Amino acid sequence: MARNITPKDKNFSEWYLDVIRAAELADYAPVRGCMVVRPNGYGIWENIQAVFDRAFKETGHVNAYFPLLIPNSFMEREAQHVEGFAPECAVVTHAGGSELEEPYVIRPTSETVIGHMYSQWVHSWRDLPILINQWCNVMRWEKRPRLFLRTSEFLWQEGHTAHATREEAFDETFKMLDVYRRIMQEELALPVLYGEKSENERFPGADNTYSCEAMMGDKKALQAGTSHFLGQNFARVFDISFQDKNGEKAYAWTTSWGVSTRLIGGLVMTHGDDDGLVLPPRVAPVKAVIIPISGDEGILRDKLEPAADKMTGELNAALGGICVKTDKQYHMRPGDRFFHHLQRGVPLRIEFGERERDSGRVTIVRRDTSKKESVSMDSLAGTVKETLETMQKDLYEKALDFRESNTRDVGNMEELKEFFSPDGPGGFARAYFAGSPEDEGEIKYVTGGATIRCIPMDDESRGKCVYTGKPGARRTIFAKAY
RNA sequence: CGGGAUGUAGCGCAGCCUGGCUAGCGCACCUGCAUGGGGUGCAGGGUGUCGGAGGUUCAAAUCCUCUCAUCCCGACCA
């Protein structure tokens, strides 16, 4: 048991921060609400970027970069958009020693400036679609910062596409939602529910918002990614118009979609345990660490280390990357060296001592189960590969089981209130809902914070609304959220 | 941003109410010896602008004001 980490069930928030500190993922910056992403955390982000970026390119998108500063007047053009984002915008009013004629907003999201550019690039139906993604930072001056989950500045990707038809834009919205779902499940081992957001939770300026929702270790929901159908709202105010095949003027249909460094917080809160970080192998910067062990420093340096380095090289070749390391912290005792990697979430520990050398075997230990296995050095690469894949699957299954066992069907308001009451089980409540946004607000009030996380797209069932009693309501997921 | 709590060495804390020698304790850290396969044992040693800025006072960790950060509860959000 880790001595430097508050147990999960004692205080989840403190546990979360302790894990991040112990794993050296991030630190507080000297700027309010901002964080420094340390190398261990940034390595995870690089892997997350890699898997998403590949999927974006496979679906025909290209990367570009738009400016950090947005003219204030751009933000004001779309009424909903400015209303939603104005309270959390940071604004640059001075530069070069004097006051600017027009203030610049530090981008909280880039629909406006990208819309402006698209209006200049789109003239004919032949110019569409535009499928652009940007990896960047954005700034939202949130009131209550939490590392990775909600910081004033964060890293993300924002995809912005423009299409000739409504259908095509809708297809894009769903396609990217599906890309998110698939990567979160397959690469991050995060089981997610996905579907439309309620009107209350919609992106400011969107016609429809869709999201992927994951359950964290404290049974709260995390919105892990969003995909927006923006209709023609931004196209109209930024004049993204073109001549269609009939020579008529038409406005484009646009979408936007994003995932952020918040996903790192999601990984921590989904897979972590009381010893610290647990990382799914596919996004772990270090997938395995080989630890030479001997009481005799001569044997350690002259015999074990070269053999360990050789194994490390072979494993890196087999796994296709620099993701296996030899631990050379010989000044530490074996227990400390084990613990060091354990707290950082390294999926596999490979113990290599004199016993192993003499028998031609090594001992591999999984981070999530602590199970030890003796493996012949000859078949190490195959076994490591296999074990990492098994662990990836197991982490997903474990998280899925956790979500399932904390999800209940709720038929009426009494049950809903009870479910979310301090003594209630909490988690995801599946309930039919056909009420108004005000009704949803009322539910939020009486449950102490539960909102509709999404209306799962793969759930076609209909039933009696939990609030109004109206029949034919769609099934929704209520939960308290980050 | 509103209500409550907290902030003293890397981490966890005592001291504050009732101001006063040189600010303590545990773990961690450093040195030595013995150890070494999930956080070693013994001996010796170092470490603080008491979160920050003002103020009251002969004297402030302690009292007052402001500020910053964290935790819990609300409002806002990726």
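It should be emphasised that the depicted structure is a prediction, and the values quoted were computed from it without experimental measurement. Atoms considered below: every heavy atom in the structure, side chains included; atoms not considered: hydrogens, waters and symmetry mates. Here is how names work: the chains are called A, B, and so on, in the same order as the sequence lines, proteins then strands, and each is numbered from 1.
- Rounding to whole angstrom units, CG of residue A/Leu149 and P of B/C76 are separated by 18 Å.
- Counting only N and O atoms by type, the side chains of A/Thr109 and A/Arg107 include no donor and acceptor under 3.5 Å apart.
- Nearest to the side-chain atoms of A/Arg355 among the listed nucleotides B/G38, B/C76, B/G37 stands B/G37.
- Salt-bridge formation is not detected for the pair A/Glu356/A/Arg361: no Lys NZ or Arg NE/NH1/NH2 atom is positioned less than 4.0 Å from an Asp or Glu carboxylate oxygen.
- Using P as the reference atom, B/C13 and B/G20 are 24 Å apart when rounded to the nearest Å.
- Close placement of the A/His81 and A/Phe234 rings is indicated, their centers lying within 6.0 Å of each other.
- When all heavy atoms of A/Leu190 and A/Gly266 are compared, the pair lying nearest together is CD2-O, 4.0 Å.
- Within the structure, a side-chain polar atom (N or O) of A/Lys372 is placed less than 4.0 Å from OP1 or OP2 of B/G38.
- Counting atom types as modelled, A/Glu356 pairs a side-chain N or O with a base atom of B/G37 as donor and acceptor under 3.5 Å.
- Distance A/Gln343 CD to B/G38 P: 16 Å, rounded to the nearest Å.
- Considering only side-chain atoms of A/Glu14, the nucleotide from B/G38, B/G37, B/C71 that sits closest is B/C71.
- Here, B/G55 and B/A59 have their C1' atoms 15 Å apart, quoted to the whole Å.
- The A/Phe338 side chain lies nearest to B/G38 when the options are B/G38, B/G39, B/C76.
- For A/Lys143, the listed nucleotide lying nearest its side chain is B/C76; candidates were B/C76, B/A78, B/G38.
- Distance CZ (A/Phe339) to P (B/A28): 13 Å, rounded to an integer number of Å.
- Atom pair A/Arg361:CZ and B/G37:C1' shows a separation of 16 Å (rounding to whole Å applied).
- The separation of B/U49 from B/A53, taken at their P atoms, amounts to 11 Å, rounded to a whole angstrom.
- In this structure, A/Leu147 atom CG and B/C77 atom P are separated by 21 Å, rounded to whole Å.
- Among the nucleotides B/C71, B/C1, B/G38, the one closest to any side-chain atom of A/Leu342 is B/G38.
- By the neighbour-count criterion of 12 heavy atoms within 6.0 Å, atom NZ of A/Lys398 is sparsely surrounded, having that number or fewer from other residues, nucleotides or ligands.
- For B/C76, the OP1/OP2 oxygens have a side-chain nitrogen or oxygen of A/Lys444 closer than 4.0 Å.
- Residues A/Glu305 and A/Thr326 have side chains that never bring a donor and an acceptor to within less than 3.5 angstrom of each other.
- B/A23 sits 11 Å from B/C50 when the P atoms are compared, rounded to a whole Å.
- In the interface, the side chain of A/Ser370 is paired with the base of B/G38 through a donor and an acceptor atom under 3.5 Å apart.
- Along RNA chain B, the nucleotide nearest to A/Arg146 and the one nearest to A/Phe203 differ in position, and the one closer to the 5' end is contacted by A/Arg146.
- B/G7 atom P lies 18 Å from atom CG of A/Leu17, rounded to whole Å.
- Residue A/Glu88 places its side chain closer to B/C77 than to any other of B/G38, B/C77, B/G37.
- Taking atom P on both nucleotides, B/A28 is separated from B/U70 by 29 Å, rounded to a whole Å.
- Nucleotides B/A5 and B/G51, compared at atom C1', are 16 Å apart to the nearest Å.
- Along RNA chain B, the nucleotide closest to A/Arg367 and the one closest to A/Ala481 are compared, and the more 5′ of them pairs with A/Arg367.
- Here the nucleotide nearest the side chain of A/Arg262, chosen from B/A75, B/A78, B/G38, is B/A78.
- We find that CE of A/Met332 is positioned 13 Å from P of B/A28, with the value rounded to whole Å.
- Judged by atom type and distance alone, A/Arg337 does not reach the base of B/G36 through any side-chain donor-acceptor pair under 3.5 Å.
- The separation between A/Arg150 atom CZ and B/A75 atom P is 12 Å, rounded to whole Å.
- Atom C1' of B/G48 sits at a distance of 5 Å from the matching atom of B/A9, rounded to the whole Å.
- Nucleotide B/C30: paired with B/G44 (Watson-Crick or G-U wobble, both distances less than 3.5 Å).
- For the C1' atom pair drawn from B/U67 and B/C76, the interatomic distance equals 23 Å after rounding to whole Å.
- For B/G38, the base has no donor-acceptor partner in the side chain of A/Asp336 [N/O atoms by modelled type, under 3.5 angstrom].
- For a distance-only test at 3.5 Å, the side chain of A/Arg140 fails to qualify as a donor-acceptor partner of the base of B/C77.
- Considering all non-hydrogen atoms of both residues, A/Thr261 and A/Phe148 come closest at O-CD2, 3.6 Å.
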